[in-house]
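Reading through the structure tokens given below for one structure.
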Amino acid sequence: METTDNKKSNKILYEIRDMLTGAAFPVMLQLIFSTSIILFADYNEEPVLQVFVLVFGEILLAGAYVVFGRQNGLAAYRRTVLGEKKRAVGTADKRALYKTGEYALWKGFVIGAVSCVPFVVFQFIQCVAPNIVCEFILKYAFGWAVYPFIVISEAPSVGNLSPWLNFIWVVIPVCIHALAYYMGARGEKKRQSKVEEAQKIKDKPKR
């Protein structure tokens, strides 16, 4: 028999694992786009082309967050429906009993934030104790959050900007993922409602 504390601990562990799974692909895409498209901007001395490449890379990354955010929301709502059905018949499935991975809007923000944790860690270290290792990792792995202000600082009237400003860019993927997460769940809810209505009409006895 599980104690209340064990239930809470297990629920937290299940939720953390689910969120890490949801954040895995966005993290991979950050690395892919940063080491390819966005990094290409660093090798161009032409300002117009540099800005174009950077903006193009940021748009692609935002689009990827929309796709994965929507998929995470859709999957979460499906688990919610399935969990409700399991609980209604007295299931022993712990994931269903704990409501692990089921839809909740706050999870859309948290999953997006979790995907930015690697960048936040290296950027914080770089701000507190600047070093060549973190500088290299930030430029080559997290260019999506580093290059925008590097490009802006190259303007004659701007000059060097504080590295702490880079944290501002975290807000964008987090909010995009949360919105897409909500839209994915909403779309799946509508789809399932239509399926239920169609099933009711099909099961309705004919006179």
Side-chain angles (χ1 to χ4, degrees), residues 12-13 15-73 104-182:
I12 291 172
L13 289 174
E15 289 288 11
I16 290 175
R17 186 172 66 179
D18 183 73
M19 290 181 185
L20 288 174
T21 301
F25 279 108
V27 171
M28 290 173 60
L29 286 169
Q30 287 182 27
L31 300 177
I32 291 171
F33 286 130
S34 292
T35 56
S36 57
I37 299 173
I38 295 177
L39 183 62
F40 182 70
D42 190 46
Y43 291 102
N44 286 280
E45 297 182 0
E46 180 60 43
V48 176
L49 182 58
Q50 191 177 45
V51 171
F52 174 79
V53 172
L54 177 60
V55 171
F56 180 66
E58 297 288 357
I59 290 174
L60 286 180
L61 183 61
Y65 265 82
V66 170
V67 172
F68 285 106
R70 184 180 180 281
Q71 185 60 38
N72 285 335
L105 183 57
W106 63 268
K107 293 180 183 179
F109 287 97
V110 173
I111 293 173
V114 168
S115 72
C116 296
V117 167
F119 159 70
V120 170
V121 171
F122 285 106
Q123 184 63 64
F124 180 78
I125 295 174
Q126 180 65 11
C127 289
V128 175
N131 61 87
I132 193 170
V133 175
C134 285
E135 182 181 356
F136 176 84
I137 293 174
L138 287 168
K139 288 184 68 175
Y140 286 85
F142 304 106
W144 61 274
V146 175
Y147 278 117
F149 283 129
I150 289 179
V151 173
I152 292 174
S153 66
E154 290 177 353
S157 59
V158 178
N160 292 330
L161 298 172
S162 171
W164 292 97
L165 290 174
N166 291 337
F167 287 109
I168 294 174
W169 295 99
V170 172
V171 176
I172 297 175
V174 170
C175 290
I176 289 176
H177 184 277
L179 179 59
Y181 180 86
Y182 166 76

- Across all chains, not counting sequence neighbours, the side chain to side chain contact (heavy atoms under 4.5 Å, CB included) partners of Val55 are Val51, Ile59
- Message: Nearest 0.5 Å, please: how far is CG in Leu61 from CD1 in Ile172?
- Response: 9.5 Å
- Who are the side-chain hydrogen bond (donor to acceptor under 3.5 Å, both in side chains) partners of Ser34, not counting sequence neighbours? none
- Note on the structure: Interatomic distance, CG@Leu161 vs CZ@Phe149, rounded to 0.5 Å, equals 6.5 Å
- Message: Counting only heavy atoms not in Phe56 (residues, nucleotides, ligands), do more than 12 fall under 6.0 Å from its CZ?
- Response: no
- Item | Gap separating the CZ atom of Phe167 from the CG atom of Leu165, nearest 0.5 angstrom | 10.5 Å
- Item | side chain to side chain contact (heavy atoms under 4.5 Å, CB included) involving Val133 - partner list, sequence neighbours excluded | Asn131, Ile137
- Which residues satisfy the ring-ring contact (aromatic ring centres under 6.0 Å, His included) test with Phe25, sequence neighbours excluded? Phe68
- Query: Quick one: CG on Leu138 to CD1 on Ile150, what's the gap to the nearest 0.5 Å?
  - Reply: 9.0 Å
- Query: For Glu15, what residues pass the salt bridge (charged side-chain N to carboxylate O under 4.0 Å, His left out) criterion, not counting sequence neighbours?
  - Reply: Lys11, Lys107
- Query: About how many Å separate CG of Leu29 and CH2 of Trp144, when rounded to the nearest 0.5 Å?
  - Reply: 12.0 Å
- Note on the structure: The side chain to side chain contact (heavy atoms under 4.5 Å, CB included) partners of Phe109 (sequence neighbours excluded) come to Leu105, Val174, Ala178
- Item | Nearest non-hydrogen partners of Leu54 and Tyr147, listed with the distance | CD1-CB, 3.9 Å
- Message: Once ring-ring contact (aromatic ring centres under 6.0 Å, His included) is applied, do any residues pair with Phe136, and if so which ones, sequence neighbours excluded?
- Response: Tyr140
- Note on the structure: Residues passing the side chain to side chain contact (heavy atoms under 4.5 Å, CB included) test with Glu135, sequence neighbours excluded, are Gln126, Lys139
Show every donor-acceptor pair shorter than 3.5 Å between a side-chain atom in residues 114-125 and any protein atom, with sequence neighbours excluded, or say none if there are none.
from	atom 1	to	atom 2	distance (Å)
Ser115	OG	Tyr65	OH	2.7
Ser115	OG	Gly112	O	2.6
Gln123	OE1	Asn166	ND2	3.1
Gln123	NE2	Pro163	O	3.4

- What's the shortest heavy-atom distance between Trp169 and Pro148, and which atoms? CZ2-CB, 3.2 Å
- Query: Does the Asn72 side chain pair with the main chain of Gly22, one donor and one acceptor, at a distance under 3.5 Å?
  - Reply: yes
